[in-house]
Amino acid sequence: MVVLAKGELEQIALPAVQKAAPPLADVPEVDLAAAASRGAEGRAAAARAVAAACEEHGFFKVTGHGVPLDLLARVENAAAAFFALQQRDKESAMSAVAPGSPFGYASKRIGSNGDLGWVEYLLLGVTAAGASTGDHSADEPLLPAPADEEAVPSAWRCSFRDLLNEYTVAVRRMTCEVLELMAEGLGMAETDAFARLVLEDDSDSMLRVNHYPPRPELKHLQQLHGGGGGGGRVTGFGEHTDPQIISVLRSNATSGLEIALRDGTWVSVPPDQGSFFVNVGDALQVLTNGRFRSVRHRVMVNSVRSRVSVIFFGGPPPRETLAPLPQLVGEGGRSRYREFTWREYKSSAYRTKLADNRLCHFETTS
Ligand SMILES: C=C1C[C@]23C[C@@]1(O)CC[C@H]2[C@@]12CC[C@H](O)[C@@](C)(C(=O)O1)[C@H]2[C@@H]3C(=O)O
Ligand SMILES: O=C(O)CCC(=O)C(=O)O
Ligand SMILES: [Fe+2]
């Protein structure tokens, strides 16, 4: 494990008296299989429910998603096996996947602006192979091969990357179905307005595999504070919004994910290993002129069990101009954001700290 400098652990440890967030009582849910089987009426109802969840929370759960459960289990097991490798091997995978980029393996350091968390992760760029047909059915590899195959441990070289490719193809397909429902729910005639951005040849999507190691010693702190959820919580992944259009997350059965409600209160999301959770990202907040809410979220570690999560971030091509869609601004309505390219937004976002508001620099003033 990477050794933290003096004072760094304190930065990710919350004050011991902080109360655990209460669970979100009614996680909005959409069943894609049911929506598809109930004809036009069922689909329209699902689309309305998705749009309502994006407006209220910027967050909902997807069931009936069609991604095979055995694929989810295989990815989870392979991720656990990867993170169980020697630190030296995990780091060599990082240096070989994409030298000099944010991609690869890292531990505790999130981004390059000083953020820390109780997490280790793999961050991978998703290339467009298979996307160009636009029929959501292609299954070519999407994750680039390491620059120097020989430098990578065999566990990664042989099967993990292939498995993540298979996963990415399946999840991206499902993500596009969700994006189409969102457009329908907004009453847009062009129902592929969002999905097409994620399917372009040069779409800037990513896959992240996070591992939050257990902190058994936190149990004692919790007992010291009389249980009841107080004490002994450490920040796994600090609060933030995701810059992209959409993030689609799947985790094992370990809790930790929390979202901020409109009034700023934090609620925990009960884990569901058979389902996916969708976050609206900053780019979708812009495209919908603020109707959909880019949800602030974080991961807290308070468990004796490790948490493994895999997140697909669907982003547009760097050259894509983003601005509120005219049909969502309405005649005489005010555009809340100025026009910018995804390249511009990303380079601005990647200079910020995790918790910063990244959209404020792109808001119109009047
Ligand atoms: C602190 C940072 C990490 C991050 C880039 C940033 O400067 C601000 C946004 C962060 C975030 C959050 C969502 C995704 O996990 C991520 C990959 C992304 O696109 O934006 C991370 C970035 C990262 O970990 O490099
Ligand atoms: O690991 C998780 O559960 C969520 C992490 C997250 O929000 C992110 O990687 O952007
Ligand atoms: Fe996130």
Worksheet item: Distance-only, no hydrogens or angles: does the D242 side chain make a donor-acceptor pair with backbone N or O of Q244 under 3.5 Å?
Response: no

Worksheet item: Just wondering, do S205 and F312 contact through their side chains at under 4.5 Å, heavy atoms?
Response: yes

Item to complete: Mind telling me whether F340 and F362 have parallel, tilted or perpendicular rings, with 30° and 60° as the class edges?
Response: tilted

Worksheet item: Between E177 and L181, is a side-chain contact (heavy atoms from CB on, under 4.5 Å) present by the stated rule, with each step listed?
Response: CA-CA 6 Å; E177 277 181 45; L181 276 181; over 6 Å; no

Item to complete: List the atom of C54, the atom of M182, and the distance in Å for their closest heavy-atom pair.
Response: SG-CE, 3.7 Å

Worksheet item: Could you give the distance from OG1 (T168) to CG (L124), rounded to the nearest 0.5 Å?
Response: 8.0 Å

Practice prompt. Mark yes or no for whether H211, through its side chain, and L122, through its backbone, hold a donor-acceptor pair below 3.5 Å.
Written response: no

Worksheet item: Could you give the distance from CG (L186) to CG (N289), rounded to the nearest 0.5 Å?
Response: 11.5 Å

Discussion item. If you compare all heavy atoms of N252 against all heavy atoms of R305, which two are closest, and at what distance to 0.1 Å?
Written reply: ND2-NH2, 4.3 Å

Item to complete: Report yes if the side chains of E190 and D192 come closer than 4.5 Å at any heavy-atom pair, otherwise no.
Response: yes

Item to complete: Step by step, work out the side-chain contact (heavy atoms from CB on, under 4.5 Å) result for Q87 and S107.
Response: CA-CA 9 Å; Q87 191 66 18; S107 171; 4.0 Å; yes

Discussion item. Quick check: closest heavy atoms across T241 and S294, and the distance to 0.1 Å?
Written reply: CB-OG, 3.4 Å

Worksheet item: Hey, quick one: are F292 and L359 part of the same hydrophobic cluster, counting side-chain heavy atoms closer than 4.5 Å, chains of contacts allowed?
Response: yes

Item to complete: Please examine the side chains of M206 and L123, heavy atoms only from C-beta on, and report whether any two atoms are closer than 4.5 Å.
Response: yes

Practice prompt. List for me each residue that meets ring pair (Phe, Tyr, Trp, His ring centres under 6.0 Å) alongside F277, sequence neighbours excluded, and say none if there are none.
Written response: F59

Item to complete: Determine, step by step, whether C176 and L199 satisfy the side-chain contact (heavy atoms from CB on, under 4.5 Å) criterion, reporting the C-alpha distance in whole Å, the side-chain angles of both residues, the deciding distance to 0.1 Å, and the verdict.
Response: CA-CA 8 Å; C176 288; L199 283 173; 3.6 Å; yes

Output a table of donor-acceptor pairs, distance under 3.5 Å, between side-chain atoms of residues 66-78 and any protein atom two or more places apart or on a different chain; print 'none' if there are none.
unit_1 : atom_1 : unit_2 : atom_2 : d
D70    : OD2    : R74    : NE     : 3.2
R74    : NH2    : E166   : OE2    : 3.4
E76    : OE1    : R250   : NH1    : 2.8
E76    : OE1    : R250   : NH2    : 3.0
N77    : ND2    : A73    : O      : 3.3

Worksheet item: Can you list every salt bridge (charged side-chain N to carboxylate O under 4.0 Å, His left out) pair that touches residues 318-335, not counting sequence neighbours?
Response: R196-E320, E200-R319, D202-R319

Worksheet item: Checking side-chain contact (heavy atoms from CB on, under 4.5 Å) for the pair Y212/F237: CA distance, chi angles, key distance, verdict?
Response: CA-CA 9 Å; Y212 303 90; F237 205 113; 3.5 Å; yes

Item to complete: Flag the pair H240 / H297 as yes when at least one side-chain heavy-atom distance between them is below 4.5 Å, and no otherwise.
Response: yes

Worksheet entry | Residue pairs fulfilling salt bridge (charged side-chain N to carboxylate O under 4.0 Å, His left out) with at least one residue in residues 267-293, sequence neighbours excluded | E55-R291, K61-D272

Worksheet item: Once you round to the nearest 0.5 Å, how far does CG of L325 lie from CG of L287?
Response: 5.0 Å

Worksheet item: Are any of the side-chain heavy atoms of P243 and W342 separated by less than 4.5 Å?
Response: yes

Worksheet item: Does S255 reach the side chain of P271, with side-chain heavy atoms less than 4.5 Å apart?
Response: yes

Worksheet item: Quick check: does any side chain N or O of S335 sit under 3.5 Å from a backbone N or O of Y337, one acting as donor and the other as acceptor?
Response: yes

Worksheet entry | Backbone of E344 reached by a side-chain donor or acceptor of S348 within 3.5 Å | no

Fill in: Among R307, R109, K90, the one residue meeting salt bridge (Lys or Arg N to Asp or Glu O under 4.0 Å) with E120
K90

Fill in: T63 side-chain N/O to S275 backbone N/O, donor-acceptor pair under 3.5 Å
no

Worksheet item: When rounded to the nearest 0.5 angstrom, what distance separates CZ in F160 from CG in N165?
Response: 11.0 Å

Discussion item. Tell me every residue that passes side-chain hydrogen bond (donor to acceptor under 3.5 Å, both in side chains) with T352, counting only those two or more places apart in sequence or in another chain.
Written reply: R358

Show every donor-acceptor pair shorter than 3.5 Å between a side-chain atom in residues 22-36 and any protein atom, with sequence neighbours excluded, or say none if there are none.
unit_1 : atom_1 : unit_2 : atom_2 : d
D31    : OD1    : A33    : N      : 3.1
D31    : OD1    : A34    : N      : 3.0

Fill in: Shared hydrophobic cluster, L179 / V248 (ILVMFWY, side-chain heavy atoms < 4.5 Å)
yes

Fill in: Least distance between heavy atoms, D115 atom then L354 atom
OD2-N, 2.9 Å

Fill in: Contact summary for A193 and M188, nearest pair of heavy atoms
CB-CE, 3.5 Å

Response to the item:
d(H57 NE2, N279 CG) to nearest 0.5 Å is 12.5 Å

Worksheet item: So if you build clusters from Ile, Leu, Val, Met, Phe, Trp, Tyr with side-chain heavy-atom gaps below 4.5 Å, do F276 and V308 land together?
Response: no

Fill in: Backbone of V198 reached by a side-chain donor or acceptor of S203 within 3.5 Å
yes

Worksheet entry | Heavy-atom closest pair, residues L284 and T288 | O-OG1, 2.8 Å

Item to complete: To the nearest 0.5 Å, tell me how far L261 CG sits from W266 CH2.
Response: 9.5 Å

Practice prompt. Would you indicate whether the side-chain heavy atoms of F82 and Y105 approach each other to under 4.5 Å?
Written response: yes

Fill in: Shared hydrophobic cluster for V329 and V286 (ILVMFWY, side-chain gaps under 4.5 Å)
no

Worksheet item: Is the shortest heavy-atom distance from the side chain of L257 to the side chain of S251 under 4.5 Å?
Response: no

